[in-house]
Colleague: 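Next up is a structure, given as structure tokens.
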Amino acid sequence: MAQQFARLHGFKRDEELSDAVDMITKGATWFVGNDRNDFTIGSRADIVLVDALHPMDALVRAPRRELVVAGGQVVVREGELVI
């Protein structure tokens with residue numbers, strides 16, 4: 001979503017790309033009905049790990065998802081669906 005948003009708005013600079021990543025990750029919690037976005041006990045365990053130097057690199061290159069955890073359950077490992 002961040003990649004599509006950045007492309008739609010012509011974002012090219014690191015600061016703009018970083019803003020797109022922040023908006024889609026941290027800033028979107030209200031959109032999905034979640035008022036929390038933190039790493040504390042009781043938080044929902046969702047994370048996507050990719051091989052990238054930094055968020056902007058991940059946004060531009062769109063590397064494969066190495067590990068995806070949704071609700072505390074591993075659903076993708078080494079780019080392959082495991083459920």
Side-chain angles (χ1 to χ4, degrees):
M1 290 180 73
Q3 185 182 49
Q4 291 173 347
F5 182 84
R7 188 174 296 147
L8 176 68
H9 293 282
F11 289 1
K12 294 184 179 10
R13 296 186 343 245
D14 281 351
E15 180 180 315
E16 295 169 328
L17 296 174
S18 179
D19 288 346
V21 170
D22 285 348
M23 183 187 70
I24 298 301
T25 56
K26 300 174 194 167
T29 54
W30 66 271
F31 184 74
V32 295
N34 188 350
D35 60 350
R36 293 173 55 181
N37 182 21
D38 54 19
F39 289 108
T40 60
I41 295 173
S43 294
R44 184 175 158 92
D46 293 336
I47 193 162
V48 177
L49 300 180
V50 297
D51 184 11
L53 298 173
H54 43 71
M56 289 77 62
D57 179 41
L59 183 67
V60 172
R61 286 190 312 110
R64 112 180 151 168
R65 295 173 177 139
E66 296 296 331
L67 181 73
V68 178
V69 177
Q73 300 294 316
V74 174
V75 294
V76 172
R77 185 183 312 275
E78 296 178 6
E80 299 293 325
L81 191 62
V82 296
I83 60 167

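Heads up: numbering here begins at 1 and tracks the sequence. All values reported here derive from a predicted model rather than from experimental measurement.
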Colleague: Are Ile47 and Ile24 linked, directly or through other ILVMFWY residues, by side chains that come within less than 4.5 angstrom of each other?
Modeller: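 In one cluster with Ile47: Ile24, no.
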Colleague: Minimum heavy-atom separation for Leu59 and Ala6, please, with both atom names.
Modeller: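 Shortest heavy-atom contact: CD2-CB, 4.2 Å.
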Colleague: Please list every donor-acceptor pair under 3.5 Å in which a side-chain atom of residues 13-23 meets a protein atom from a residue at least two apart or in another chain.
Modeller:
from	atom 1	to	atom 2	distance (Å)
Glu16	OE1	Lys12	N	2.9
Glu16	OE1	Arg13	N	3.0

Colleague: Go through it in stages, so that I can follow the logic: the residues are Val74 and Val82, the test is side chain to side chain contact (heavy atoms under 4.5 Å, CB included), and I'd like the CA-CA distance, side-chain angles, deciding distance and then a yes or no.
Modeller: CA-CA 7 Å; Val74 174; Val82 296; 4.1 Å; yes
Colleague: Only counting residues at least two apart or in another chain, list the ones meeting side chain to side chain contact (heavy atoms under 4.5 Å, CB included) with Leu81.
Modeller: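 Leu81 satisfies side chain to side chain contact (heavy atoms under 4.5 Å, CB included) with Val76, Ile83 only.
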Colleague: How close do Ala58 and Pro63 get, counting heavy atoms only, and between which atoms?
Modeller: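 Distance-wise, the nearest heavy atoms are O-CD, 3.5 Å.
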Colleague: Are Phe5 and His9 side-chain neighbours, meaning at least one heavy-atom pair lies under 4.5 Å?
Modeller: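 Yes. Closest side-chain heavy atoms under 4.5 Å.
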Colleague: Can you run down the salt bridge (charged side-chain N to carboxylate O under 4.0 Å, His left out) pairs that involve residues 62-79, sequence neighbours left out, and say none if there aren't any?
Modeller: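 As it turns out, the salt bridge (charged side-chain N to carboxylate O under 4.0 Å, His left out) pairs with a partner in residues 62-79, which skip direct neighbours, are Arg64-Glu66.
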Colleague: Count I, L, V, M, F, W, Y as connected when their side-chain heavy atoms are under 4.5 Å apart, and connections chain through other members. Are Val75 and Val50 then in the same cluster?
Modeller: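 Result: yes, single cluster for both.
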Colleague: Only pairs at least two apart or in different chains count here, so list each salt bridge (charged side-chain N to carboxylate O under 4.0 Å, His left out) that has a residue in residues 50-61.
Modeller: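 Salt bridge (charged side-chain N to carboxylate O under 4.0 Å, His left out) check on residues 50-61 returns Asp57-Arg61.
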Colleague: Are Met1 and Val68 co-members of a hydrophobic cluster defined by side-chain heavy atoms under 4.5 Å apart?
Modeller: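 No; tracing contacts between hydrophobic side chains, which count when under 4.5 Å, never links both residues.
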Colleague: Once rounded to the nearest 0.5 Å, what's the spacing between atom CD of Gln3 and atom CG of Leu8?
Modeller: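 Rounded to the nearest 0.5 Å, the CD-CG separation comes to 12.5 Å.
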